[in-house]
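A quick write-up on the structure given underneath.
When a ligand or atom number is given, it counts from 1 through the structure's own listing order. We number each residue from 1, following the sequence as shown.
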Amino acid sequence: MALIKSPRGTQDILPGEWPQWQRIYSAAERVAESSGYSRLDTPMFESTALFTHATGEHTDVSREMYTFQDRGGDELSLRPEGTASAFRAYFQHGMRVLPQPVKLYYLGSMFRYERPQKGRFREHHQFGCEAIGSPDALIDASLVALQNRFYRQAETTRLRIQANSIGDGKCRPAYLKELVAYLRQHEAELCGQCRDRIDRNPLRVLDCKVESCQPVLNHAPHMLDRLCDECRAHWERFQDGVAATGLAIEVNPRLVRGLDYYTRTVWEFLPEGPEGAQSVLGGGGRYDALAETIGAPATPAAGFSTGIERVMLNLEPVGGSKDQSIEVFIASMGPEAKLTALRVLAALWESGVPADMAFDDRSLGTQLKQADARDATVAIILGERELDENSATLRFLATGEQRSVPLKEVAAVVAGSVGDAPGR
Ligand code: HAM
């Protein structure tokens, strides 16, 4: 039988890659928690209706869901995003009575049946923050600043921030009518996907990247010029807020997002350069109208999320990664010495020293090469002579300097010396 492989569009995070993921997850936790956001974990699957109502029935996200009926006949879907679940949890657990806004963050897998390509997977991971319960435009601005701080801490390359306002239920319907009329007029000059979207999701037509559509789309009417007074005031306050945080944003009147729940502010972070628009790292916006789509009382909210895989693709290059490096590596020969090695290893762990040992029976020379490959500072050698003398040899790998230490003192001596080892 041929080896069964992982499903298309999924990936294993291998041991050598995990430290990088850990570093980025830690940056996310640090930035969110230091900004007053608390961690929320929701189920990997929810009722399908939650997502179709929240994200919009005709959006790509909704059509790409992994949907199934369970053995009890319930219609369920693997979560394609985190906002709808966070919002559901907010209502389900009575968070409306807490001081508003309630600030939540999450980290976890999302599932979309997309055509896999660079930076696009069927299972991807998101870090997201949601501030639920406030209509204040400064919340939107603070979220942009928080997202920016996360990218800086994760050490991504320089990013551009684009933003737009897509109005609300008061001013958008008239604009959509005007947009649809304009697109109809130019239908023949648009690609198949744009034509298909004119009635189902006209705003998304503005997002098309096909070269031949650009002349028509560049002259399409803009929502920004047609905002009602409340939406305009919100948009201006948002821009003042972003400026107060010291960030510069580009206004992109053609920026729309792939989910139906947005109102007013929307934004995206993308790499600098021409390819940027194809590989957005993350985006967000305000979604004041989401509550009514899921049958909840009117509740203003805003948030963002970012794909961790996209962050990985845009990291600042760093010299010589020290994946899974340790401080101490124990090389030993023979079953008796291995048992002693394990005892020393446990004592080192107890003292908080990152350490490992060779469990196989390869030569001492090969084991010392392993110590080098793991970037250890000190190797502890337990050979026949050492066992006879009840001692261990410490070898400082950067300088080759060696020292003999009584066995019962070795863990304490090493724990005390790794910080100021010669050659470090
Ligand atoms: P989204 O733009 O659909 O927004 O996804 C957020 C980010 O997830 C994207 O910018 C991208 O980095 C990553 N992403 C999405 N799909 C994939 C994929 N197939 N493969 C790899 N990465 C992917 C949302 O999900 C909203 N919930 C964001 C939000 C939160 N709005 C308000 N609050």
Should one rank Gln126, Arg115, Arg286 by closest heavy-atom distance to atom 8 (O) of ligand 1, which comes out on top?
-> Gln126

Asp168 and Lys170 ion-paired at < 4.0 Å = no

May I ask you to establish whether Arg96 and Tyr90 are in a cation-pi arrangement, using a distance under 6.0 Å from NZ or CZ to the six-membered ring centre and at most 45° from the ring axis?
-> no

Considering Phe304, Phe87, Tyr261, which one's heavy-atom position lies nearest to atom 26 (C) of ligand 1?
-> Tyr261

Polar atom proximity, Thr83 to ligand 1 (N or O, under 3.5 Å) | yes

With only distance considered, is Glu114 within less than 3.5 Å of ligand 1 through an N or O on each side?
-> yes

Structural part of Glu268 in contact with ligand 1, heavy atom criterion under 4.0 angstrom | neither

Could you note down all residue pairs passing ring pair (Phe, Tyr, Trp, His ring centres under 6.0 Å) where residues 240-266 supplies at least one of them, sequence neighbours left out?
-> Tyr261-Tyr287

Does the N or O separation between Pro80 and ligand 1 drop below 3.5 Å for any pair?
-> no

Heavy atoms only: give me the nearest Ala27-Gln153 pair and the separation to one decimal.
-> CB-CB, 4.0 Å

Within the structure, does Tyr106 bring an N/O atom to less than 3.5 angstrom of an N/O atom in ligand 1?
-> no

Does the N or O separation between Gly307 and ligand 1 drop below 3.5 Å for any pair?
-> yes

At under 4.0 Å between heavy atoms, what of Arg112 touches ligand 1? The answer is side chain

SB check Asp199 Arg197 (cutoff 4.0 Å) = no

Residues at least two apart in sequence or cross-chain that pass salt bridge (charged side-chain N to carboxylate O under 4.0 Å, His left out) with Glu114, listed by chain then number, are Arg120

With heavy atoms and a 4.0 Å threshold, my read on which part of Met110 contacts ligand 1 is neither

N or O pair under 3.5 Å between Arg120 and ligand 1 = no

Residue portion contacting ligand 1 (non-hydrogen atoms closer than 4.0 Å) for Leu281 | backbone

Of Gln147, His125, His124, the one whose closest heavy atom lies nearest atom 22 (N) of ligand 1 is His124

